[in-house]
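The next block holds one structure in the form of structure tokens; read it before the comments.
For clarity, every value in this text was computed on a predicted model and none was experimentally measured. Any value given below was found using the heavy atoms of this structure, including those in side chains, with hydrogens, waters and symmetry copies removed. Here is how names work: the chains are called A, B, and so on, in the same order as the sequence lines, proteins then strands, and each is numbered from 1.
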There are 2 protein chains.
Amino acid sequence: MTKPSQELLRSISDEHVLRSLMTARKLTRAELAIQTGLSKPTVSESVRRLVEQGLVADTGERTPGGRGKGRVGSFYGLAEDSGVALVVTIAPDGVTAECVDAYGDVISRTHRTITGPAEVAAVLPSVAAETVAAHNVRLCTVSAADPVDRRTGRLVQLPDSPFLVGDLDPVAVLGPLLHGPVVVDNDVNWAAQAEHEALGVADFAYLFLGEGLGCAVVSDGEVRRGHSGLAGEISHLITAGPTGATPFIEVFGELGLRQDGTTAIDVARLRDADPAVLARAIGGVVTALVTLADPEVVVIGGSWGPSLLDAITAECARSPRPVPIRAASVANPSLTGARAAALDLLRTDLVSRAGPRTPRSG
Amino acid sequence: MTKPSQELLRSISDEHVLRSLMTARKLTRAELAIQTGLSKPTVSESVRRLVEQGLVADTGERTPGGRGKGRVGSFYGLAEDSGVALVVTIAPDGVTAECVDAYGDVISRTHRTITGPAEVAAVLPSVAAETVAAHNVRLCTVSAADPVDRRTGRLVQLPDSPFLVGDLDPVAVLGPLLHGPVVVDNDVNWAAQAEHEALGVADFAYLFLGEGLGCAVVSDGEVRRGHSGLAGEISHLITAGPTGATPFIEVFGELGLRQDGTTAIDVARLRDADPAVLARAIGGVVTALVTLADPEVVVIGGSWGPSLLDAITAECARSPRPVPIRAASVANPSLTGARAAALDLLRTDLVSRAGPRTPRSG
DNA sequence: CAGTTGTAGGCAAGGCCTCTAACTAGAATT
DNA sequence: AATTCTAGTTAGAGGCCTTGCCTACAACTG
């Protein structure tokens with residue numbers, strides 16, 4: 001456990017100051033004292049330390065901008081070069097890279113359209129290198145439209161599942177470009193995290209129905225990834241198919257709804273299928289989610305999932321354990337979720353850098 | 001967030017001292033200083049405070065028991081009346097109540113056999129009252145062989161599921177007898193927690209096959225209960241039955257393996273059933289667990305589950321995503337799990353009581 | 001324009017908490 | 001009786017946070 005040292009108190013003070021600056025962007029010492037609940041001398045000392053460490057800087061702005069009477073105060077903010085996080089999403093149609101700073105601002109965005117998985121290997125490092133060259137990148141989160149091995153960060157191909165992005169080791173590609181960690185996860189898990197923040201519900205399930213099939217379970221406020229990160233890869237889940245108990249993905253095979261050559265869902269042809277049959281299969285998946293994870297609500301996302309909302313709702317209403325169904329509400333959910341995670345990690349990283357002592361006399 | 005006060009440091013010191021005493025049972029101040037890593041004066045002060053608050057007491061024992069030279073030291077331990085936790089399990093065959101102290105010792109055990117659910121309402125309060133009268137009971141954990149509503153602690157009956165213990169509100173029954181919280185959960189969840197501690201695996205699933213059917217999912221080192229605590233109630237999970245896609249519980253209905261009158265499994269008649277058919281249905285459940293929770297291992301427990309281990313293992317080996325299957329290893333798992341949780345809560349409760357200041361001069 | 005008001009920030013003192021170092025207490029060994 | 005060794009206390013130093021007071025300085029008031 002933690003040792004009861006005075007340094008612990010100091011680091012708590014510093015964290016208060018830093019976190020206040022992250023949300024308020026700029027504050028005078030007096031404002032910081034009010035925001036943090038600390039006394040003015042304590043805040044002053046903390047600011048002095050943080051400035052010395054290069055994490056906080058005087059913005060140059062001064063108070064009397066119509067604020068009224070009183071002595072002029074100096075606004076402090078996070079240092080310019082206090083670091084940013086890189087957010088990358090890799091999907092069959094393109095690669096996006098964003099840069100977020102500790103305020104949560106997106107300070108750059110690059111998108112490259114690709115025509116096939118083969119291009120990822122070339123596009124990914126070039127997109128990342130651009131951003132890394134321009135900013136002090138501390139860490140990176142990556143969203144990929146394929147199952148991700150939690151322990152290695154590599155994309156993995158599961159039997160009979162579409163492999164949309166293809167074989168890729170983002171940690172190996174991006175790791176050398178920056179100094180901090182590279183966190184890779186599946187697009188559905190990131191999407192669920194984004195939905196979690198929008199919904200404010202601690203226990204729910206996110207069912208993603210697009211070219212690939214997937215889901216994510218949020219339990220006790222966190223996305224649960226399982227032992228190797230493959231939780232939610234529902235292709236082989238046994239459900240009710242047209243001819244009996246069938247793995248979920250094979251329902252689409254039996255209905256002739258998979259793309260030739262690949263194992264992805266043919267979304268274009270889906271509209272001709274009987275919604276009731278699809279809903280029955282999806283209902284089996286929802287039942288599995290309800291029995292195993294007991295979500296408060298099941299959120300349906302993906303390119304074609306929400307269009308079946310009524311059919312799914314009707315199917316689930318007949319279940320012995322009905323659960324509310326709703327459509328996903330966040331736009332660009334994977335990017336949003338990965339960005340939120342990156343912001344969180346970046347802020348924690350920034351706080352953790354406020355460590356070593358700086359004696360007052362200098 | 002926490003405020004950086006000196007009191008925080010003090011409470012950390014006190015926590016160190018208390019937790020050391022919990023595991024070592026009795027220590028001198030010098031030994032405490034070594035164990036906790038704190039300095040001797042700090043430990044002395046902390047012990048003085050804790051004695052004054054009645055949480056720690058001089059055991060009366062003195063060091064020179066052949067330890068060699070040196071001044072005699074005094075052994076300190078937790079105070080006699082520092083409180084115990086009550087652990088109750090409620091199953092169709094009986095009610096057990098145990099008392100654990102903060103060392104983890106079981107200091108009393110009562111068991112009452114019952115012949116039917118109707119007796120629970122009478123037996124439960126009487127068993128609990130005995131224990132409560134004899135000890136300073138701070139809190140209580142309850143294991144019940146039925147689904148438990150996480151928010152209220154009440155037992156709930158799900159459609160088509162056996163209701164083994166019957167309608168009961170343990171919080172209402174036991175709450176008035178003691179001053180602390182009453183934590184109620186399902187026997188399978190407690191069993192999974194016990195198995196978790198024995199296995200040391202952070203992500204696994206526990207499948208319970210007895211008169212009732214259930215499972216529990218441990219993710220990131222914790223049992224995940226879901227929104228209302230009904231995660232793992234797998235009766236309605238769609239799986240492969242003799243005639244196609246069937247809810248798990250109805251597989252047993254179709255096979256004529258449910259007890260007449262109730263909806264429980266008739267365990268006696270199970271041995272006549274075809275293991276392959278059962279294993280196929282169970283395999284569907286395991287597949288659901290694997291796809292949704294991605295466990296490192298699936299543990300099979302319950303009265304008849306382990307006897308089918310080979311058949312289940314064979315069935316799962318054919319799956320596109322095989323997972324290791326093993327039999328549960330903990331005896332009395334629900335009681336063990338509930339006891340471990342009670343111990344944890346009791347220790348945290350004890351630590352949290354070490355709060356208010358005690359000035360030195362007295 | 002002089003005086004008043006009100007805010008930003010600094011300084012000093014006080015209270016605590018932990019640590020190190022030195023010291024006292026007391027038993028076993030030599 | 002002197003030595004040795006361990007338990008626990010005392011003394012002092014260093015650090016951190018707080019309160020209270022002071023200075024600097026801009027705007028308002030009459």
- Task: Consider the side chain of A:S39, meaning its heavy atoms from C-beta on, and name the nucleotide among D:dG8, D:dC16, D:dC17 that approaches it most closely.
- Result: D:dC17

- From CG (B:L27) to OG1 (B:T36), nearest 0.5 Å: 9.5 Å

- Which part of the nucleic acid does A:G73 contact within heavy-atom distance under 4.0 Å: base, sugar-phosphate only, or nothing? sugar-phosphate

- Message: Using every non-hydrogen atom in the two residues, find where B:V43 and B:R29 come nearest and quote the distance to one decimal.
- Response: CG1-O, 3.6 Å

- Message: So if I take every side-chain heavy atom of A:S74 and compare against D:dC17, C:dG9, C:dC19, which nucleotide ends up nearest?
- Response: C:dG9

- Heavy atoms under 4.0 Å, any strand shown: does B:P41 hit a base, just sugar-phosphate, or nothing? base

- Item | For atom CZ of B:R49 and atom C1' of C:dC17, their distance in whole Å | 9 Å

- Taking atom P of C:dC11 as reference, at what distance in whole Å does atom CD of A:E45 sit? 10 Å

- Query: Of the nucleotides C:dG9, D:dC16, C:dT20, which has the atom closest to the A:L9 side chain?
  - Reply: D:dC16

- Task: Would you kindly give the CD-to-P distance between B:E61 and D:dA7, to the nearest whole Å?
- Result: 15 Å

- Item | D:dG8 OP1/OP2 closer than 4.0 Å to side-chain N/O of B:T28 | yes

- Query: NZ of A:K26 versus P of C:dA8: gap in Å, rounded?
  - Reply: 13 Å

- Query: NA contact type, A:S44, heavy-atom cut-off 4.0 Å: base, sugar-phosphate, or nothing?
  - Reply: sugar-phosphate

- Query: Can you find a side chain N or O atom of B:R71 that sits less than 4.0 Å from OP1 or OP2 on D:dT9?
  - Reply: no

- By nearest nucleotide on DNA chain D, pick out whichever of A:V72 and A:K40 is the more 5' one. A:K40

- Query: OP1, OP2 of D:dG15 versus side-chain N and O of A:S5: anything below 4.0 Å?
  - Reply: no

- Rounded to the nearest 0.5 Å, the CG atom of A:N189 sits from the CZ atom of A:R224 at a distance of 11.5 Å

- Query: Distance-only, no hydrogens or angles: does the B:N136 side chain make a donor-acceptor pair with backbone N or O of B:D81 under 3.5 Å?
  - Reply: yes

- Rounded to whole Å, the CZ-C1' distance (A:R10 to C:dC17) equals 15 Å

- Message: Side chain of B:A30, heavy atoms from C-beta onward: which of D:dA7, C:dC19, C:dG9 has the nearest atom to it?
- Response: D:dA7

- Report yes if a donor N or O on one partner sits less than 3.5 Å from an acceptor N or O on the other, where the partners are the side chain of B:Q6 and the base of C:dC16; otherwise report no. yes

- Item | D:dT9 OP1/OP2 closer than 4.0 Å to side-chain N/O of B:R29 | yes

- Item | Euclidean distance, atom OH of residue A:Y76 to atom P of C:dG9 [Å, nearest integer] | 7 Å

- Test item: side-chain donor near acceptor, A:S108 and A:E98, under 3.5 Å: no

- Query: What's the closest nucleotide to the B:K69 side chain, out of D:dG15, D:dA27, D:dT4?
  - Reply: D:dT4

- Could you tell me the separation between the NZ atom of A:K3 and the C1' atom of D:dC16, rounded to a whole number of Å? 17 Å

- Item | A:R151-A:H227 side chain donor-acceptor pair, cut-off 3.5 Å | yes

- Message: Just the rounded figure in Å: distance from P of C:dG9 to CG of A:L32.
- Response: 9 Å

